[in-house]
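Below is one structure, written out as structure tokens, with a few remarks after it.
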Amino acid sequence: MSNSIKPIDPSLLALLKGSFGKDGLALPFVQEIFLLECHVAGTSYCDLEDVENTLSVSDLLVFKRELDNSHDALAILIFDQSGSKLGYVPKAKNEVLARLMDAGKLIFGKLETKEWIDNWLKMAVRVYMRDF
């Protein structure tokens, strides 16, 4: 067993940010709340051939609002942990999630499934909110 310090994954730190009070102690009752399951929209517009090999089921996915999207004022981008754009939360399912994010709630995803169908990468994600 090694006593060396192991680096902490920055994406996990980002999810944990806000889980601790100003005194550095863990906040009570922090939990992940499952909100919905959906596919990743717009994957056919992203070059995902190289990225797909790095994705595994249960990987954390980062959600970010795209406030300047001219097609959807409530657009939510989906990125993998390395920052590669995977697509969007479908427009039919993004309104409540966008409003929660705009109110400062931490919304993120976990990859549920992935499958190539011709030249389209079909991905299903489970969407969660970190509640403090």
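Source: prediction; values computed, not measured.
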Exercise for the section: Give the intermediate values and the outcome of side-chain contact (heavy atoms from CB on, under 4.5 Å) for residues Asn69 and Tyr88. Expected result: CA-CA 11 Å; Asn69 186 304; Tyr88 291 87; 3.8 Å; yes
Practice task
Give the minimum heavy-atom separation between Lys64 and Phe79, together with the two atoms involved.
Solution key: CB-CE1, 4.0 Å
Exercise for the section: Please name the pair of heavy atoms, one in Cys38 and one in Pro90, separated by the smallest distance, quoted to 0.1 Å. Expected result: SG-CD, 3.7 Å
Handout entry: Evaluation steps, side-chain contact (heavy atoms from CB on, under 4.5 Å), between Asp131 and Lys105
Key = CA-CA 7 Å; Asp131 188 34; Lys105 297 297 182 183; 4.1 Å; yes
Measure the spacing between [atom1] of [X] and [atom2] of [Y] and express it to the nearest 0.5 Å.
X      : Y      : atom1 : atom2 : answer
Glu115 : Glu52  : CD    : CD    : 10.5 Å
Lys114 : Thr43  : NZ    : OG1   : 13.0 Å
Met123 : Glu112 : CE    : CD    : 13.0 Å

Exercise for the section: Kindly indicate, with the supporting measurements, whether the criterion side-chain contact (heavy atoms from CB on, under 4.5 Å) is fulfilled by Glu32 and Arg126. Expected result: CA-CA 11 Å; Glu32 293 177 358; Arg126 292 177 62 87; over 6 Å; no
Practice task
Look at Lys85 together with Glu66 and state whether they make a salt bridge at an N to O cut-off of under 4.0 Å.
Solution key: no
Practice task
Apply side-chain contact (heavy atoms from CB on, under 4.5 Å) to the pair Arg65 and Ile76, showing each step before the final yes or no.
Solution key: CA-CA 4 Å; Arg65 288 278 282 117; Ile76 302 171; 3.9 Å; yes
Test of understanding: clusters of I, L, V, M, F, W, Y form through side-chain heavy atoms closer than 4.5 Å, transitively. Do [X] and [Y] belong to the same one?
X      : Y      : value
Val127 : Ile78  : yes
Leu97  : Leu106 : no
Leu60  : Leu35  : no
Val89  : Leu61  : yes
Leu36  : Val96  : yes

Practice task
Report yes or no: does Asp59 contribute a side-chain atom to a donor-acceptor pair with the main-chain N or O of Leu111 at less than 3.5 Å?
Solution key: no
Practice task
Give a yes or no on whether the backbone of Trp120 and the side-chain of Asp118 come within a donor-acceptor separation of less than 3.5 Å.
Solution key: no
Exercise for the section: Check whether more than 12 heavy atoms from other residues, nucleotides or ligands sit under 6.0 Å from atom CG of Asn119, and answer yes or no. Expected result: no
Handout entry: Residues, nucleotides or ligands: over 12 heavy atoms within 6.0 Å of Asp68 CG
Key = yes
Practice task
Measure the acute angle between the ring planes of Tyr128 and Phe34, then classify it against the limits of 30° and 60° as parallel, tilted or perpendicular.
Solution key: perpendicular
Practice task
Applying side chain to side chain contact (heavy atoms under 4.5 Å, CB included), name anything that partners Val51, two or more places apart in sequence or on another chain.
Solution key: Leu48, Thr54, Leu55, Asp80, Ser84, Leu86
